[in-house]
Each structure stands twice: as C-alpha cells, then as structure tokens.
Protein chains: 2
Amino acid sequence: MQNKKDINESGQERLMRCGIRPSVQRLAIMNYLMENRIHPTVDQIFSDLYPTMPTLSRTTVYNTLKLLVDSGAAIILTIDEKNTRFDAEIKPHTHFMCNQCGSVTDLNINPPILKGNYIDDCEILNSELYVYGYCPECKKKRN
Amino acid sequence: MQNKKDINESGQERLMRCGIRPSVQRLAIMNYLMENRIHPTVDQIFSDLYPTMPTLSRTTVYNTLKLLVDSGAAIILTIDEKNTRFDAEIKPHTHFMCNQCGSVTDLNINPPILKGNYIDDCEILNSELYVYGYCPECKKKRN
DNA sequence: TTGTATTTTTGTAATGATTTCAAATATGTA
DNA sequence: TACATATTTGAAATCATTACAAAAATACAA
C-alpha cells in the first residue's frame, strides 16, 4: 500500500528529498517518470520530452537517470534484454514484460522481501522479481 | 532438488534432447556452460574456450547461445546490466549478483513458481528472481 | 567414393546503446 | 555585476550485439 506522502509527493519534492537540485531538465525527467508509469527506456523519455524541450540532449537524459538511480529517486529495471528501463516507483513490487509487445507493467503480486537478510552469507541489499509471458491484449490476439 | 537424469545428463545428451546437432563448437559451449556454473558472459565463454579452439569465432558463440536459449537448453540472465549472462541450469532457482565484484551465483532460496498461472489477466510463462548485495568475500573486505 | 546440397562457422562490417569529454550555457553567490 | 561552480550539450569514442556473405564442414544421394 502507498501512503499519502508517496502518493502526493511531487517531482520537485522527490528531487529535493533525494538531494538533487531541480534543474528544468531534471524536473521534467522526474515528472515524466512519476506521471508515466510505463517503465520507459531512455529513448522513450527523450522522444516524449523533446517536442516540448527542443534543446534537450540525449546525454542529459542519460546523466539525469544515472543521478536519479544513484540517489534513490528511481530504480533501474533490467527486465528487458534490449533496453534499460526506469521506474519512479521505488517501493518493492513485481514487474511483468509481455513477450509479444514488449510492454512492461506492474504485477499485483508481492515479491519476497529479502533486504536486510543474509542468505548463503550474502548480504542482501535489494531484489527484483521479473515475470514474463503474454499481456491480456496480446493473449487475446493470439487466440 | 535435481533428479539423476539432470545430474548425469552430458552436454551431448542435452543438445540431442533439445534437437540441436552437436557440432564441435556447440558441444564445447554446452559443456562449458554445464561444467562452469558461473553464469558467464559471452566474452568469458569465448576467452576461456579460445586457447583450446583457436579458430573459434565470437559470432559462433553468439549464434550458439541464441540456439541454446531458443531451444531450451540454457537460459538467459538479465541480472547484470552490463552483459548478458547464460546458465545451463534450467530449473527455476534464484540468482545473486555482488554489487562489488560483479560475480553471479545461485542463491539457496526458492523463487515463487508462477508459471502456468494468470495474474492480472497476464499469462505467465516464466519468471526470474534477482537478488543484489555483497557476496561473502566482498562483505569481509568492506569491514 | 564422388559430387552436390545443406548446415555451420567464420571474419568483417554495420548497428545501436551507452559513455566520454570538452566546450557552451546556466545558475548561485559574493 | 563578476566570478566560481554546476549543468547541459553535441560530437566522438566505446562496447556489445547483429547482419551478412564467403568459406568450411557435413550429410546424403548416385
């Protein structure tokens, strides 16, 4: 369950809380991630922001995403073999990718919470549960 | 738990069972994967086999791994953001990557078995649980 | 066995994502 | 305003992966 603070937190607030100076570009990218929970690739972010920010550089998108991830304002998903994807939802949850259309969505299933534990003497910091298959739309089309 | 058949299965048998003609190169790569359960990258495989197979081409390693994965003789791991990794252990199990040294190992924890289920109307074919943190060796060094 | 068709391997070139880097721009502060 | 610092930018470099066509190996029929 999300608490009110998380739900209401603005992009600006998220950046501040994570110690990131909210430049125009950073705020645009942070807001994009928080408002478009499609786990976008770098190119999706760039292409969607470019029309309203024609001076935006791909390098800035890369730089900013690195900054967001390093400071805990976003997480990186390796669910997609082809492209790195990003998510502003930083609380543990499960991700699903459709083998047909490639869309990545949240799955309503709780991942095991392993953080803080030791397993096989490994110190666990975080974990990701990735699920693959066919999304409802593609499932229909295949029949 | 592994059954005898899995334990005893040779590279040759694995290839045959999966309908792959066992050429010299394919057999070398299959055996390497089955004998070195380090979840190697393409380059690790190539570098380790090259000394004893000086005519081996990187492209062959790529081609063969694609073939192995497509026919179910191996699985692909996206746990490592930098490089694709491969595993000859095809039964569901959990993987761990060390944030410090980058090594990938099996973790003695059962992943949720979701295959065959529908969640949020998604048809589940397979899933991967990836765990990150510090391996025992790096944990020691950090103290 | 020989010749021919098919499969597999190989090396090079192309592609695509990401990083590096140094100059240009913007911002914060005295 | 003037200067120092932080940020953005675009071009070039890097690195993993794929495409491709020629060469080599193998299968198979005569």
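In what follows, chains are A, B, ... by sequence order, proteins preceding strands, each numbered from 1.
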Under 4.0 Å from OP1 or OP2 of [N]: is there any side-chain N or O of [X] that close?
{"X": "B/R26", "N": "C/dT8", "result": "yes"}
{"X": "A/Y62", "N": "C/dT18", "result": "yes"}
{"X": "A/K82", "N": "C/dT18", "result": "no"}
{"X": "B/S23", "N": "C/dT9", "result": "yes"}
{"X": "A/T55", "N": "D/dT9", "result": "yes"}
{"X": "A/T60", "N": "D/dT9", "result": "yes"}
{"X": "A/R58", "N": "D/dT8", "result": "no"}
{"X": "B/Q25", "N": "C/dT10", "result": "yes"}

Has the side chain of [X] got a donor or acceptor atom that lies under 3.5 Å from a matching backbone atom of [Y]?
{"X": "B/T78", "Y": "A/T78", "value": "yes"}
{"X": "A/E35", "Y": "A/Y32", "value": "no"}
{"X": "A/T60", "Y": "A/L56", "value": "no"}
{"X": "B/R14", "Y": "B/A88", "value": "yes"}
{"X": "A/T41", "Y": "A/T84", "value": "no"}

- Task: Remember a base hit wins even if backbone is also touched, and classify A/N63 as base, sugar-phosphate or nothing at under 4.0 Å, heavy atoms.
- Result: base
Nearest whole angstrom, please: distance from the [atom2] of [N] to the [atom1] of [X].
{"X": "B/I20", "N": "D/dT26", "atom1": "CD1", "atom2": "P", "answer": "17 Å"}
{"X": "B/I45", "N": "D/dA16", "atom1": "CD1", "atom2": "C1'", "answer": "14 Å"}
{"X": "B/F46", "N": "D/dC15", "atom1": "CZ", "atom2": "C1'", "answer": "15 Å"}
{"X": "B/L65", "N": "D/dT18", "atom1": "CG", "atom2": "C1'", "answer": "14 Å"}
{"X": "A/K66", "N": "C/dA17", "atom1": "NZ", "atom2": "C1'", "answer": "15 Å"}
{"X": "A/D80", "N": "C/dG16", "atom1": "CG", "atom2": "P", "answer": "15 Å"}
{"X": "A/N83", "N": "D/dC15", "atom1": "CG", "atom2": "P", "answer": "20 Å"}
{"X": "B/L68", "N": "C/dT8", "atom1": "CG", "atom2": "C1'", "answer": "14 Å"}

Tell me whether the rings of B/H95 and B/Y130 are parallel (<30°), tilted (30 to 60°) or perpendicular (>60°). tilted
With the side chain defined as heavy atoms from C-beta on, A/T84 is closest, among D/dT7, C/dG11, C/dT18, to C/dT18
Quick note, B/L56 side chain, CB onward, closest among D/dA27, C/dT9, C/dT10 is C/dT10
Next item on the list: Assess whether one donor atom and one acceptor atom, taken from the side chain of A/T59 and the base of D/dA11, lie less than 3.5 Å apart.
Entry: yes
Comparing nearest nucleotides in DNA chain C, the 5'-proximal residue of the pair B/E81, B/S57 is B/S57
Note: for B/D43 and B/V24 on DNA chain D, the residue whose nearest nucleotide lies more 5' is B/D43
